Structure formats: C-alpha cells, structure tokens
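Order of the sequence lines sets the chain letters (A, B, ...), proteins ahead of strands, with each chain counted from 1. Since we're looking at a predicted model, the values are computed, not measured.
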Amino acid sequence: MRITLLNGPTREINPGVPVAQALQELGVHIDHQVVAARVNGALTDLQARLKEDCTLAPVAVDSPEGLEIMRHSASHVMAEAVRSLFPDVKVAIGPAIENGFYYDFDAPRPFTPEDLPRIEARMGELVAQDLPFERQEVAREEAIDFFRTQGETYKVEILEEIPGDRVSLYRQGDFVDLCRGPHVPSTSFLGAYKLTGISGAYWRGDERLPMLQRLYGTAFPSPEEMERHLELIEEARRRDHRRLGRELGLFSIEDEAGPGLVIYHPKGAMLRSLIEDFERKQHLKRGYQMVMGPQMLRAELWARSGHLENYKEHMYFTEAEGQLYGIKPMNCVAHMLIYKSRVRSYRELPLRLFELGTVLRHERTGVLHGLTRVRQFTQDDAHIICTPEQVESEILGVLDFVADVMAIFGFDYEVELSTRPEKSIGSDADWDLATTALTGALRSRNLPFAVCEGEGAFYGPKIDVKLKDALQRRWQCATIQCDFTLPERFDLTYVGPDGGRHRPVMLHRVILGSLERFLGVLVEHFAGAFPVWLAPTQAVFLPITDRVHAYAQEVTSRFTEAGLRVEVDLRPETLRLKIREAQLQKIPFMIVIGDREAQNRTLSPRLRDGTELKDIPLDQFMGRLRDESQVPTPGKSP
RNA sequence: GCCGGCAUAGCUCAGUGGUAGAGCAGCUGAUUCGUAAUCAGCAGGCCCGGGGUUCGAAUCCCCGUGCCGGCUCCA
C-alpha cells in the first residue's frame with residue numbers, strides 16, 4: 001500500500017497500520033501537538049487503520065481544525081464528568097464553538113455555579129487517566145437500541161432522523177456518544193480548558209421544545225493561550241459601553257423611564273449629533289434627499305404595508321379620537337406616501353429618500369442589552385425606488401457607500417447574502433432578479449461573501465454587513481434588502497419612456513444601521529478614546545493657578561467660537577488631579593496653562609498617550625486641532 | 001418570552017436572623033500647586049417593591065419589577 005505524505009515523501013506501508021504510525025514512518029514527529037490527520041483530505045482519527053493507498057497530512061492542535069477537534073473532545077469529557085456526577089441527566093448535543101465548546105443536558109435540576117468546579121475537577125481526573133477515545137461503527141438500528149436502553153432519548157431522536165445505515169460511536173471511559181468524529185487520541189490531549197458558564201438552551205434551538213441546561217467551556221492548546229483569551233474577555237469587560245457610557249457621561253438607561261429606552265447625556269448627545277451631521281453630508285453627497293416621516297401613522301396604513309400582519313407583536317399602538325395609530329417600527333411607509341404623492345416619471349428614478357428615522361419596537365425583555373438592543377432607536381434609513389434595470393447599480397452604490405463609511409471609522413467588515421426563506425411571498429422571477437442583482441454587485445466589487453440559505457426577509461433577499469471591532473467581534477450594521485411587496489401593496493408606479501405605467505423596485509437599506517447600536521460599538525471599539533473628530537470634548541484647558549484664569553478663559557472662548565469642542569477646568573485643584581480626571585475622561589488634549597504660557601501666549605498640550613508638548617503658539621495649536629477635527633479621508637495619509 | 005444568577009449610599013462592594021458599613025464620588029473649609037489622586041471635616045440608605053415566616057428579617061420563603069449571562073428573536 002502506497003502512502004504519501006502531503007507535500008512529502010511516499011512510502012510503501014503494510015495495510016492495516018494506524019494513521020499515527022504511518023505518519024511516523026513518513027517522518028512526521030508525533031506528539032501531543034498532533035491530534036488527528038487528513039486521509040485523502042478527510043479528517044480522520046490517528047487510531048484509524050489504513051487499508052489502501054492514500055495521501056496523509058497531520059492535523060496539529062493549533063490549526064483551526066485541530067482546535068475544533070480538541071474542543072469537541074473536551075465537550076465529550078465534560079459530558080462524561082457530568083454523567084458520572086449526575087447519573088440522572090440525559091445528554092443532547094455538544095459541539096465545539098468559537099473559542100470553546102458546550103454540551104446540552106436534560107437535567108432533573110438546573111446546574112448552579114457551584115457545580116462547575118466539581119465538574120471541572122472530575123474532568124481533571126478523566127484527563128489524568130488518559131482514557132483513549134475509541135471509534136466504533138455500528139448499524140443505525142443497533143445504535144438506537146443501545147441509546148434507548150441507556151434512556152438517552154435525545155440521541156435516539158437524532159438517530160431516527162439521520163440518513164444512512166451505519167453510524168459511528170465514540171467511547172472514552174464509561175461514556176459513549178453518537179458522534180461523527182474525529183477525536184483526539186486520548187483525554188490527555190485536552191490542553192487547557194475551563195468551564196465558563198451555564199445557561200438554558202432550547203432543544204434544537206426551538207422555543208416550543210423543552211429547555212435544556214447548557215454548560216459552556218473554553219479550551220486552548222496551552223494555558224498561555226487560554227490566559228490570553230480570558231484576558232481578551234477581561235478587556236472586553238473593561239470596554240463595555242454600558243460601563244463607559246456612564247463613566248464618560250454619554251448616556252443612561254433608567255429603570256424609572258423604562259427598559260430599552262436610551263437617555264442621552266450631554267457628551268452622548270454631542271457624539272450622536274456629530275454622527276448625524278456626518279450622515280447627512282454623506283447622503284447628500286451621494287444623491288439622497290432628506291425626508292422626515294411622522295412618529296405614528298394610522299393603523300390602516302400598517303395593515304396595508306403588511307406590518308399589522310407580520311410585525312404586530314413588535315409594534316406599539318395608541319388611540320386618539322376613536323382612531324387607532326401605530327407608532328412606527330420602520331420608516332418605509334411614510335416614504336411610500338412621499339413617492340405616491342404625485343405621478344412619477346422614469347426620469348426621476350432612482351429616487352433615494354433618506355431619513356434619520358426614529359423607530360420604536362417592542363422587543364422581548366430578555367433580549368435588551370445596553371445600546372445594542374433597545375426599544376427606541378434611530379436608523380440611517382433610506383429607500384431607493386428605481387427601475388428593475390437600475391437595481392444592480394444602486395446596490396453597487398450602496399456597497400461603495402458602506403465601504404467608504406467603514407473606512408472612515410476604521411472598521412473591517414464581512415458580507416453575507418441571505419436568500420429566499422421557506423415562508424416568503426413574491427414570484428420566482430422577482431426573487432431571481434433581486435438575488436442575481438445582489439450577487440452580481442458583490443461579485444463585481446470582488447467582495448467575498450457567505451451565503452445564508454433561507455435567511456432572507458419574507459419579502460426579499462438581503463445583504464448584511466458585519467463590521468469587526470478592535471476585539472474582532474462582529475456586529476450587524478448595514479443591510480441592503482430588496483422588497484417587492486411594498487411597491488405592490490402601495491401600488492407604486494412610474495411612467496416609462498413608452499408612456500405606460502410600470503412598477504418600480506424598492507431597496508431598503510441602512511449604512512450604520514441603528515445609531516444607538518453603532519454608538520455602542522464605537523465606544524467599545526475605541527474603548528471610549530474617540531478620535532478627535534468624534535470626541536465630544538476635544539480639549540480641556542487646565543490653568544495651574546488663578547493668576548492665569550483670564551488667559552485660560554480667553555483661550556476657551558476663542559476655541560469655542562472657532563467651533564472647537566473645548567472645556568476649561570477652573571477648580572482650585574492641583575494640576576495632577578485635573579490631568580488625572582481629564583485622562584480618565586479620555587479627552588484627546590489636556591492643555592496646561594501656567595504663568596509661562598500666559599506670558600508668551602502659548603499652550604502646553606498633553607496628549608492622551610502621555611506625550612507632552614511645550615509652549616506651542618496659540619494659533620498654531622488651534623490650527624492643529626482644526627485639522628484633526630476634519631472627517632478623515634481614508635486612502636490619504638494615515 | 002424561556003433557563004439560571006443578582007439587586008445594600010451617586011459608583012464599586014462588605015455585611016447571611018439581633019441597633020446598616022468601607023473606599024471612591026458629593027458638600028464645606030484650608031491649600032495657588034508644572035503633567036494620572038493635597039489635607040481635614042461633614043453629609044449621605046423605605047437594604048428594588050409587595051406579601052409571608054419569626055419575639056425580631058438587609059439576611060429565610062412566595063409573588064412582582066429591573067439588571068446580568070445565555071437561549072429564541074434581531075437594527
């Protein structure tokens with residue numbers, strides 16, 4: 001039997017040798033770094049026996065596949081630990097996930113935080129025993145019988161649905177699990193792991209099905225790598241926008257006012273208004289027209305738009321003079337009315353209507369979270385109404401818009417295309433047109449994209465943009481959705497060159513998405529240290545003694561009149577104290593003013609990073625601050 | 001909405017059946033100071049709300065509300 005090492009030598013090897021031995025004979029050093037192998041490209045256990053000619057490649061624990069295998073094995077070990085400590089639990093599923101793993105159990109009593117150390121300790125014992133993972137292939141019926149006698153009804157349920165006659169089981173110690181594999185050779189291959197959380201999780205992710213108990217863990221090849229990961233979580237905690245929002249005086253969410261309702265404090269309102277100014281300029285530059293719709297519209301309109309049918313449970317209603325009004329959860333309806341207000345010619349298309357539209361959505365209490373999930377938020381929303389021929393170029397325009405804006409804020413992003421879901425309306429032709437246009441636009445900009453089959457809105461396919469923040473976390477911001485329903489329901493038409501009436505296509509799109517969410521992401525991305533153009537307070541003047549108060553106040557007025565966002569700290573405190581507080585407020589420039597500066601009409605700015613500049617002429621520094629206040633132009637100097 | 005945890009001063013947190021505490025912040029006074037905390041004093045609480053157990057509840061039990069971590073949903 002001829003075995004070839006990928007990008008390596010070929011050897012004649014006796015049939016029936018295990019993968020690990022074959023690798024060794026091919027000169028691969030086998031230690032705990034190697035957890036599995038690829039046999040002709042397919043992930044395989046190291047213990048598997050080779051029967052025919054093939055190509056081999058080792059899979060190291062620090063490769064993405066190797067890590068996933070190790071984490072998956074960790075979930076099995078956790079399941080064994082849980083089964084041995086709590087014999088009454090049934091096991092459901094336990095995959096590897098980003099940074100770790102989980103396992104779902106049906107437990108007679110919920111787990112508590114005190115259970116975690118016990119389970120972890122038991123896992124430690126299992127790891128110390130170095131139990132081998134053994135793969136066994138059996139007939140599906142045999143597996144069903146086995147799990148049924150064990151009382152593992154969830155495994156039986158899974159088995160009854162998977163196709164094929166034969167399935168694989170993995171055993172380590174006393175624990176046997178239905179599993180595709182592969183696994184690490186034995187429990188001592190686990191590396192560093194830690195149980196991190198408990199939560200409820202619906203069986204099969206369906207809220208109509210029973211809730212199981214999920215245990216989360218994290219696992220890495222080495223303790224150092226796990227430490228780095230835990231440190232990253234700690235860093236995320238430090239950057240939490242809910243904490244920084246309070247500390248920096250940006251916003252609050254008060255129990256008295258109601259959950260999910262953001263109250264902007266002065267600094268937060270300034271930041272928000274800077275972003276809104278930016279948005280207006282960017283949209284006007286790209287041929288959008290600003291519009292504004294009312295906060296509530298008659299319920300009949302929401303019936304017509306289909307919201308009453310599809311979105312009612314998320315809507316707030318109010319009544320006046322016997323009329324029922326729906327408070328807007330989306331901005332589209334008013335935009336439809338604007339379009340319909342007169343006869344439209346093809347010459348007007350594409351019509352791009354932009355609104356910083358504030359919407360209210362009744363979100364279920366459990367999903368609310370800081371600024372990222374709220375009940376009232378403002379979208380940078382636009383509806384583009386165009387001819388079918390214009391759809392693709394309009395989508396391109398939006399993609400370029402997104403690219404520009406993300407570059408300005410300094411975010412990388414990923415793109416997803418979501419296609420027709422099972423429950424949907426519209427003709428196949430419409431769906432094809434829209435999906436082709438979306439895909440075509442992505443292709444022509446060479447944007448790599450993931451396809452989420454069946455994840456589209458019920459009225460049309462969409463492109464979602466996930467920006468990545470400084471901690472590599474992904475956030476939904478921009479989305480571009482094709483919509484055939486609304487032009488239909490509101491009977492939108494335009495007069496074509498032929499003099500006949502035609503139905504336009506509508507694109508619904510946002511760039512930043514929810515300003516609230518975007519603000520939250522910005523806070524965490526910059527850890528509260530906003531770039532000068534976004535900083536609510538750009539500089540604070542710090543007079544050392546009250547002899548220089550007059551000069552400090554004069555300078556403050558001059559900067560303020562120049563449109564710069566500055567403050568002055570006239571308290572009779574020490575410079576050290578003032579610096580410390582300004583530093584904690586993450587103000588970009590702390591400007592020291594003492595007798596020398598007042599004498600020479602200069603300033604001594606300290607930067608956020610601790611750099612001290614000395615005796616800069618007043619006008620020179622004002623020029624610098626003015627320059628840095630400009631919206632960055634990516635592509636030009638850093 | 002579901003599972004679990006938590007709720008004490010503006011903030012961070014001690015106090016687990018017997019008279020409510022600390023640090024920071026705040027206020028008052030002194031200090032006029034050169035790059036991350038000057039000193040002293042004072043004040044601050046329906047212990048989330050409502051019921052119950054108990055001679056006695058911040059503490060134990062029940063019901064609400066809110067928050068946190070997840071699930072489901074989602075901008």
Side-chain angles (χ1 to χ4, degrees), chain A residues 102 104 107 109-115 196-216 237 240 242-243 246-247 252-260 311 313-314 329-331 357 359 361-381 455 457 464-465 475-479 481 508-518 520-521 542-549 571-585 590-597 604-608 610-615:
Chain A
Y102 68 78
D104 284 348
R109 73 156 174 92
F111 296 115
T112 66
E114 294 78 60
D115 294 330
T196 52
I198 309 165
S199 87
Y202 299 109
W203 170 231
R204 304 187 157 205
D206 187 331
E207 61 184 328
R208 291 163 304 192
L209 297 178
M211 181 159 269
L212 306 174
Q213 291 288 308
R214 178 171 296 178
L215 293 181
Y216 283 95
R237 204 182 61 78
D240 192 317
R242 293 166 298 184
R243 163 200 287 257
R246 186 182 57 241
E247 290 173 357
S252 65
I253 296 172
E254 311 280 347
D255 290 0
E256 293 173 89
Y311 211 72
E313 63 279 15
H314 289 289
M330 296 183 194
N331 303 300
V359 296
R361 296 184 185 174
H362 177 76
E363 299 289 351
R364 299 157 112 190
T365 51
V367 308
L368 299 174
H369 180 93
L371 291 181
T372 61
R373 202 68 192 277
V374 294
R375 285 186 171 154
Q376 174 179 309
F377 58 100
T378 300
Q379 296 177 299
D380 58 341
D381 201 2
E455 299 281 302
D464 284 327
V465 176
W475 300 91
Q476 164 85 55
C477 54
T479 164
Q481 308 185 348
H508 167 108
R509 47 103 288 184
V510 293
I511 304 294
L512 302 182
S514 146
L515 295 191
E516 278 72 9
R517 174 177 294 178
F518 188 73
V521 173
L542 308 176
I544 295 173
T545 113
D546 44 18
R547 287 190 301 278
V548 295
H549 277 191
R571 296 174 305 165
E573 298 289 352
T574 60
L575 180 62
R576 286 165 65 77
L577 194 271
K578 292 179 182 183
I579 295 261
R580 176 181 153 82
E581 293 189 351
Q583 196 79 47
L584 290 174
Q585 286 295 306
M590 286 144 275
I591 300 164
V592 176
I593 295 178
D595 289 325
R596 201 174 65 227
E597 287 79 7
S604 295
R606 172 195 166 103
L607 276 51
R608 237 172 343 198
T611 309
E612 290 174 28
L613 306 174
K614 292 272 162 64
D615 300 308

Rounded interatomic separation in angstrom, taking CZ from A:R580 and P from B:rU35: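 Rounded to whole Å, this separation is 16 Å.
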Give the rounded distance in Å between these two atoms: CD of A:E207 and P of B:rG70.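 After rounding, the reported distance stands at 18 Å.
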Which part of the nucleic acid does [X] contact within heavy-atom distance under 4.0 Å: base, sugar-phosphate only, or nothing?
{"X": "A:D381", "value": "nothing"}
{"X": "A:E597", "value": "base"}
{"X": "A:T112", "value": "nothing"}
{"X": "A:G205", "value": "sugar-phosphate"}
{"X": "A:D546", "value": "base"}
{"X": "A:E363", "value": "base"}
{"X": "A:L584", "value": "base"}
{"X": "A:Y216", "value": "sugar-phosphate"}
{"X": "A:Q583", "value": "base"}

Please confirm whether the backbone N or O of A:A478 pairs with a side-chain atom of A:Q476, one donor and one acceptor, at under 3.5 Å?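 Checked: pair present.
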Does [N] pair with anything, Watson-Crick or G-U wobble, both distances under 3.5 Å, and if so, with which nucleotide?
{"N": "B:rC24", "result": "B:rG10"}
{"N": "B:rU16", "result": "none"}
{"N": "B:rC67", "result": "B:rG5"}

Syn or anti for B:rU16, given that syn means the glycosidic angle lies within 90° of 0?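 Judged by the O4'-C1' to base torsion, B:rU16 sits in syn, the angle falling within 90° of 0.
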Any side-chain N or O of A:R242 below 4.0 angstrom from OP1/OP2 of B:rC68?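 Result: yes.
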Would A:F377 count as stacked on B:rA75 if the rule is ring centres under 5.5 Å and plane angle under 30°?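 Per 5.5 Å and 30° rule: yes, stacked.
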On the side chain of A:R361, is there an atom forming a donor-acceptor pair with the base of B:rC74 - under 3.5 Å, no angle test?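 No, no donor-acceptor pair under 3.5 Å.
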